Amino acid sequence: AETFALYIQSSDPTISDCRILYSPSYSVYIYHYSSPVFEDTHFYRNSGSYPQYMYYYTEPTFRRCRFEENTAIHGGGLYVDSYNDVLVESCSFEGNYASSNGGALYAYYSDLTVTDSTFTDNHGYYGTVSLQAMYGDDYFYRNTFCHNSAEYGGAVYMNDVTSAFM
């Protein structure tokens, strides 16, 4: 059975100054018309298929968060899946791993803005950041990529992306 440290559905909470650690499945699951704000939150050594997962019409914000040593199939740090609008601002992604897409961050069919963030020592087969079948505009401003690795796209891997600004 799947376990959830935090399950958010049709809600808009603010989660501030928290530590979400060692979850064996989903540490955070954000679903269906939710707009949570995470500030100064540390996601550490969570694992499973998709540890920090957003699905279906969500608009989460991650501000000054730290994603460290998380592991997953897709999106070691964050997995954004289908019809989401996500803001990542001044966050750090360190030592995350995905066996497939996006060691630090994987986004599929969503809008994504990432600013003033650092990506260090992450690994994914397809990119540290992997963007696939994205719609709308995706923005990456003032980010730093250092010591990341991937078979394809050491920093960013894009497949079927029509508009990305870096």
Side-chain angles (χ1 to χ4, degrees), residues 1-9 11-32 34-56 58-82 84-108 110-131 138 140 142-150 155-157:
E2 301 285 40
T3 58
F4 305 92
L6 184 59
Y7 186 100
I8 301 169
Q9 180 175 345
S11 301
D12 304 326
T14 296
I15 292 91
S16 183
D17 208 21
C18 289
R19 307 293 174 258
I20 300 173
L21 316 169
Y22 301 106
S23 179
S25 187
Y26 294 97
S27 64
V28 176
Y29 187 90
I30 304 168
Y31 178 66
H32 201 251
S34 295
S35 299
V37 175
F38 293 86
E39 295 178 330
D40 303 303
T41 298
H42 187 190
F43 301 88
Y44 180 71
R45 288 204 173 172
N46 299 296
S47 61
S49 298
Y50 322 113
Q52 289 74 237
Y53 184 64
M54 286 129 273
Y55 181 66
Y56 202 64
T58 69
E59 294 183 3
T61 297
F62 296 89
R63 189 173 292 124
R64 297 178 311 278
C65 292
R66 188 171 172 195
F67 300 86
E68 184 180 15
E69 296 182 24
N70 300 288
T71 60
I73 296 170
H74 302 292
L78 283 176
Y79 183 177
V80 180
D81 185 10
S82 300
N84 301 287
D85 188 358
V86 178
L87 172 63
V88 176
E89 182 179 90
S90 301
C91 292
S92 67
F93 294 81
E94 296 177 45
N96 298 289
Y97 172 83
S99 59
S100 188
N101 293 294
L105 173 61
Y106 174 59
Y108 173 79
S110 295
D111 281 333
L112 183 63
T113 300
V114 181
T115 64
D116 301 305
S117 295
T118 60
F119 298 83
T120 307
D121 295 321
N122 300 285
H123 177 79
Y125 190 81
Y126 292 103
T128 293
V129 173
S130 181
L131 307 176
D138 301 296
F140 287 79
R142 298 179 305 273
N143 298 298
T144 301
F145 293 85
C146 186
H147 300 289
N148 299 290
S149 62
V156 179
Y157 172 84

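A quick note: this is a predicted structure, and the numbers were derived from the prediction, not measured.
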Nearest heavy-atom neighbours spanning [X] and [Y]:
{"X": "G102", "Y": "S130", "result": "N-CB, 3.4 Å"}
{"X": "A107", "Y": "L112", "result": "CB-CD2, 4.0 Å"}
{"X": "G75", "Y": "A98", "result": "N-CB, 3.9 Å"}
{"X": "T41", "Y": "I15", "result": "OG1-O, 3.6 Å"}
{"X": "G95", "Y": "N122", "result": "N-OD1, 3.5 Å"}
{"X": "M54", "Y": "N84", "result": "O-ND2, 3.7 Å"}

Can a donor-acceptor pair be found, under 3.5 Å and without considering hydrogens, that links the side chain of [X] to the backbone of [Y]?
{"X": "N143", "Y": "S117", "value": "yes"}
{"X": "S27", "Y": "P51", "value": "yes"}
{"X": "N46", "Y": "I20", "value": "yes"}
{"X": "N148", "Y": "A155", "value": "no"}
{"X": "N70", "Y": "N96", "value": "no"}
{"X": "S23", "Y": "L21", "value": "no"}
{"X": "E59", "Y": "D85", "value": "no"}
{"X": "S90", "Y": "R64", "value": "no"}
{"X": "H32", "Y": "Q9", "value": "no"}

Quiz item: When you look at OH of Y56, are more than 12 heavy atoms from neighbouring residues, nucleotides or ligands closer to it than 6.0 Å?
Solution: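 Open.
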Quiz item: If you draw a 6.0 Å radius around OH in Y26, do more than 12 non-hydrogen atoms from other residues or ligands fall strictly inside?
Solution: yes
Self-check item: Parallel, tilted or perpendicular: ring planes of F62 versus F38, cut at 30 and 60 degrees
Solution: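 Judged by the thresholds at 30° and 60°, the geometry between F62 and F38 is parallel.
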To the nearest 0.5 angstrom, please state how far the [atom1] atom of [X] sits from the [atom2] atom of [Y].
{"X": "R63", "Y": "E39", "atom1": "CZ", "atom2": "CD", "value": "5.0 Å"}
{"X": "Y31", "Y": "D81", "atom1": "OH", "atom2": "CG", "value": "11.5 Å"}
{"X": "I73", "Y": "Y97", "atom1": "CD1", "atom2": "OH", "value": "10.5 Å"}

Practice problem: Sort out for me which residue in Y106, Y125, Y79 forms a side-chain contact (heavy atoms from CB on, under 4.5 Å) with N101. | Solution: Y106
Practice problem: Determine, stepwise, if the pair L78 / F43 fulfils side chain to side chain contact (heavy atoms under 4.5 Å, CB included). | Solution: CA-CA 10 Å; L78 283 176; F43 301 88; over 6 Å; no
Heavy-atom side-chain contact between [X] and [Y] under 4.5 Å:
{"X": "D138", "Y": "D111", "value": "yes"}
{"X": "R19", "Y": "D17", "value": "yes"}
{"X": "V129", "Y": "F93", "value": "no"}
{"X": "C146", "Y": "T118", "value": "no"}

Quiz item: Under the criterion ring pair (Phe, Tyr, Trp, His ring centres under 6.0 Å), which of Y7, Y50, Y55 is the partner of Y29?
Solution: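 Running ring pair (Phe, Tyr, Trp, His ring centres under 6.0 Å) over Y7, Y50, Y55 with Y29 returns exactly one hit, Y7.
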Practice problem: Dump the intermediate steps for side chain to side chain contact (heavy atoms under 4.5 Å, CB included) on V114 and F119, then the final yes or no. | Solution: CA-CA 11 Å; V114 181; F119 298 83; 4.0 Å; yes
Exercise. For side chain to side chain contact (heavy atoms under 4.5 Å, CB included), just list the numbers for D121 and E94, CA-CA rounded to whole Å, side-chain angles, deciding distance to a tenth of an Å, and then say yes or no.
Key: CA-CA 6 Å; D121 295 321; E94 296 177 45; 6.0 Å; no
Quiz item: Taking it one step at a time, do L105 and F67 satisfy side chain to side chain contact (heavy atoms under 4.5 Å, CB included)?
Solution: CA-CA 10 Å; L105 173 61; F67 300 86; over 6 Å; no
